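Notes follow once the structure below has been shown.
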There are 2 protein chains.
Amino acid sequence: MVTIKQISEKLHLSPATVSRALNGYPEVSARTRLLVEDTARRLNYRPNQLAKKLATGRSGMIGLVLPPSPDQSFDPTFYDVMTGLSRRLTELDLDLVFHAPVLEDEVEPFRRLVGKQAVDGFIVTNPKLSDPRIEFLRSDGVPFVVHGRDASPAPDYAFFDIDNFRVGYDAAKLLIDLGHRQLCFLNGPEDVHFSFERRRGFEQALRDFGSSPVFGTVRHGRMTETYGYMQALAALSEPENARPTGIACSSTIIAAGAMRAIRDKGLNIPADVSVIAHDDAPPQVHAMGFDPALTVTFSPLRDACRPLADILQGLLNGDNLAGLQVTEEAELIVRQSTGPSPLSKQVQGQTA
Amino acid sequence: MVTIKQISEKLHLSPATVSRALNGYPEVSARTRLLVEDTARRLNYRPNQLAKKLATGRSGMIGLVLPPSPDQSFDPTFYDVMTGLSRRLTELDLDLVFHAPVLEDEVEPFRRLVGKQAVDGFIVTNPKLSDPRIEFLRSDGVPFVVHGRDASPAPDYAFFDIDNFRVGYDAAKLLIDLGHRQLCFLNGPEDVHFSFERRRGFEQALRDFGSSPVFGTVRHGRMTETYGYMQALAALSEPENARPTGIACSSTIIAAGAMRAIRDKGLNIPADVSVIAHDDAPPQVHAMGFDPALTVTFSPLRDACRPLADILQGLLNGDNLAGLQVTEEAELIVRQSTGPSPLSKQVQGQTA
DNA sequence: GGCTCCCCCTAAACCGCTTTGAAAAACTAG
DNA sequence: CTAGTTTTTCAAAGCGGTTTAGGGGGAGCC
């Protein structure tokens, strides 16, 4: 392995100058810089990361801990985040160190990594409404950025989130605008912030557009196809006057289940029942291809990776927190799975 | 952060002694050692990993690169490996640094990590028959262990694999013993070693037990439910005399598809068609619950993680290669998805 | 008492890089 | 030509550990 010292000797320069030249410091002449850069290249010099890190006090490692999962199954969205994150961090010359917690203690990997001084910061995914990992990192003063957020009304940490209130709001609004008066929202788990926000948005829309009364029920659960199927089936089995004509889903996977249930009931989409979902574009489900094409609020998870990485870097550079709390809007894309309520003739006048 | 120097000053000892005491070197008195250990604990001393690594020349990091996937979808088995590996490596005080390649170049992440001197070794998963990653690492002299192996008849690297020849052989043998004379093998992709080996085993069994002629076709493809469904459907649509009564599958996911196809054809399992699969126990599919219970060759992926990690550690310690090439047997578990051939009366005499 | 031996410990070098403080070199101005 | 700046370079001190070479002092032996 070729070191800075070797280069300096070869060039009759001091290691200090070589280091400066390679790291773009101004106090080195252009000629010397070129010379150094050239020899470094020719000698195929690679700075020893460890030495660099020891000297600078930065490890260049970012901790990523697999979020705890209720059953031991895998959250496919995490995979998406992980790969996207890795790619972006690589560009920033940071590395991802991955840990899977032993199930009992979700904080332990963080404690361990912090104790070892092995990482400069963390990315926290799938935060709970009240999350012990966030609590720990905050109290320990370790830099971290959250994908999503916890329940605190004004978080004092860096995060990247989408406007989940709007997701719920827009879904409900669209359905209401189409004349639907009996809605059902198949939301995510009850203990995560995004579900909470979407529910708030959903219910706010019910209130805002309730010139004629609109009814909506919200159901919570793990976002699986089965959950979507079962809950939609249950909703559609209600007596006629409580049966939803518009179903909002917190994920495309849920929507897949819901649509299956609708069909099993002998109903048509969107003639009898409209379906809208939030789509964060997990590749598995995208490939599925919905028929009819699904109306969604759209915000690809992968798109979150770049900001997440960049926010973290900002954090490490000591940037102001204000710029490191990002909330993005999801895009409403209307396709064929939503249409006017089958009962809309009765209420059209009131809506318009 | 408390350092060795602080401890040494507090105790009026030299840093050298403290270092020795903490690392269990013999040339330090029992009394001193206890003293040092005790103060270290009280002061909550954590050795700086970077400094340690710089001094010892070991980074304590293991590289894990997401294997390239033909489409961009996720191989759920990789997740299993990743978590299991992380847990075991944590016990060995090693950390996993994760990289996702940009799609064009699967070797690049390795080159990068090696260049940065960021890792002590690699775990390579999903090897191809001829694999550029293995090629690179070998030529570069970096320690690595392969989960599976490539096509070389006598690999000169460390690996952990299951006896895939036997997997194919046992599956065919079981079906043949049950009187089946027309078999079909829905194997994995053509360009991976395990498929190749299983096919070899499968075909060997056909030859070994061919006192009465046995026919078997082997199909290759990506191991998805759809693949299983399509291929099984195709096989079952053959003219009567070429229609398989026993289907072997390279994974439980394939089997799920195959079983669906069998049912769609109005056939019964195992009365009309027997199904056997290889089961590496990915949690997603396990949960699925087969009906009838699936006969399998069994070897959980998770079980591979511990040996993989241990082999790698052996490698880093300079152990002899011979002990670091491990092939394990899969276990044959006969359940309800296999039964005598519906045509067995005709051939029973010849088999017994 | 003098000698060796062993045990326990220390001083100092080292890992490869960064960074501070100061000196040398190269300009600029008077 | 000298004094004063500015630019460029260097020596040396870290970063926090490990490790080598060596030293003090008590025990054992003659």
Side-chain angles (χ1 to χ4, degrees), chain A residues 1-37 39-40 43-61 93-95 114-120 316-317, chain B residues 1-37 39-41 43-61 93 95 114-120 316-317:
Chain A
M1 278 300 137
V2 29
T3 73
I4 254 190
K5 204 168 155 203
Q6 292 173 27
I7 299 187
S8 72
E9 279 165 7
K10 193 176 183 90
L11 259 40
H12 302 290
L13 285 170
S14 79
T17 307
V18 175
S19 170
R20 288 218 179 78
L22 291 172
N23 290 303
Y25 281 74
E27 58 272 76
V28 48
S29 72
R31 215 173 57 81
T32 312
R33 161 158 303 140
L34 251 46
L35 191 63
V36 170
E37 281 174 345
T39 19
L43 263 46
N44 192 28
Y45 166 75
R46 305 252 168 254
N48 181 320
Q49 298 292 312
L50 290 168
K52 190 169 206 155
K53 289 164 185 173
L54 179 58
T56 57
R58 274 203 186 183
S59 80
M61 300 270 165
D93 202 30
L94 294 168
D95 286 305
V114 169
K116 286 173 76 175
Q117 305 166 70
V119 298
D120 292 337
L316 297 181
N317 290 337
Chain B
M1 276 303 138
V2 29
T3 73
I4 254 191
K5 202 169 156 201
Q6 292 172 28
I7 299 188
S8 72
E9 277 165 8
K10 193 177 181 91
L11 260 42
H12 303 287
L13 285 169
S14 78
T17 306
V18 175
S19 170
R20 288 215 180 80
L22 291 172
N23 289 303
Y25 282 72
E27 58 273 75
V28 48
S29 72
R31 215 172 58 82
T32 312
R33 161 158 301 140
L34 250 48
L35 192 62
V36 170
E37 282 174 344
T39 18
R41 203 172 310 115
L43 263 46
N44 193 28
Y45 166 74
R46 304 252 169 255
N48 181 322
Q49 299 291 312
L50 290 170
K52 189 168 204 155
K53 288 164 186 173
L54 179 58
T56 56
R58 274 204 187 181
S59 80
M61 300 269 166
D93 202 29
D95 286 305
V114 170
K116 285 173 76 174
Q117 306 166 68
V119 299
D120 293 336
L316 296 181
N317 291 337

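Here is how names work: the chains are called A, B, and so on, in the same order as the sequence lines, proteins then strands, and each is numbered from 1. Quantities reported herein were computed from a predicted structural model and do not represent experimental measurements.
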Fill in: Residue list, salt bridge (Lys or Arg N to Asp or Glu O under 4.0 Å) with B:Arg41, at least two apart or on another chain
B:Asp38
Response to the item:
Taking five pairs at each terminus, the helix from C:dG1-D:dC30 to C:dG30-D:dC1 shows an axis bend, to 10°, of 60°
Looking at residues at least two apart in the chain, or sitting in another chain, which of them share a side chain to side chain contact (heavy atoms under 4.5 Å, CB included) with [X]?
| X | answer |
| --- | --- |
| B:Arg46 | A:Gln117, B:Asn44 |
| A:Leu34 | A:Glu37 |
| B:Ser29 | B:Arg31, B:Thr32 |
| A:Leu35 | A:Leu11 |

Fill in: Interface limits on DNA chain D, where chain A has a heavy atom under 4.0 Å of a nucleotide atom
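With heavy atoms of chain A under 4.0 Å away, the range is D:dT8 to D:dG16.
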Please set out all donor-acceptor pairs under 3.5 angstrom arising from side-chain atoms of residues 16-25 of chain B, sequence neighbours excluded.
unit_1	atom_1	unit_2	atom_2	d
B:Thr17	OG1	B:Ser14	OG	3.1
B:Asn23	ND2	B:Ser19	O	2.9

Counting only pairs under 3.5 Å, give me each side-chain donor-acceptor contact of residues 48-55 of chain B, with atom names and distances, residues two or more places apart or in other chains.
unit_1	atom_1	unit_2	atom_2	d
B:Asn48	OD1	B:Leu50	N	2.7
B:Asn48	OD1	B:Ala51	N	3.2
B:Lys53	NZ	B:Ser59	O	3.0

Discussion item. Working to the nearest 0.5 angstrom, can you tell me the gap between B:Thr39 OG1 and B:Leu13 CG?
Written reply: 8.5 Å
Practice prompt. Look at B:Thr17 and C:dT10 and indicate whether a side-chain polar atom (N or O) is within less than 4.0 Å of OP1 or OP2.
Written response: yes
Worksheet item: A:Tyr25 side chain N/O closer than 4.0 Å to the phosphate oxygens (OP1, OP2) of C:dT18?
Response: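 Checking C:dT18 against A:Tyr25, no side-chain N or O comes under 4.0 Å of OP1 or OP2.
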Discussion item. Closest approach to the side chain of A:Asn48, judged atom by atom: which nucleotide of C:dC9, C:dC15, C:dC17 is it?
Written reply: C:dC17
Discussion item. Tell me which pairs pass salt bridge (Lys or Arg N to Asp or Glu O under 4.0 Å) where either residue lies in residues 3-18 of chain B, with sequence neighbours left out.
Written reply: none
Practice prompt. Scan residues 27-34 of chain B against DNA chain C and write down, sorted by residue number, each residue with any heavy atom closer than 4.0 Å; if none is found, say none.
Written response: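 Within this stretch, B:Glu27, B:Val28, B:Ser29, B:Thr32 sit under 4.0 Å of the strand.
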Worksheet item: Is a side-chain donor or acceptor of B:Asp120 paired with a backbone partner of B:Gly60 at a separation under 3.5 angstrom?
Response: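 Pair found, side chain donor or acceptor close to backbone of B:Gly60.
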Contact list (N/O, under 3.5 angstrom) for nucleotides 21-28 of chain C vs protein:
none

Item to complete: Between B:Ala55 and B:Pro15, just flag the one whose closest nucleotide in DNA chain C comes earlier from the 5' side.
Response: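 The residue whose closest nucleotide sits nearer the 5' end is B:Pro15.
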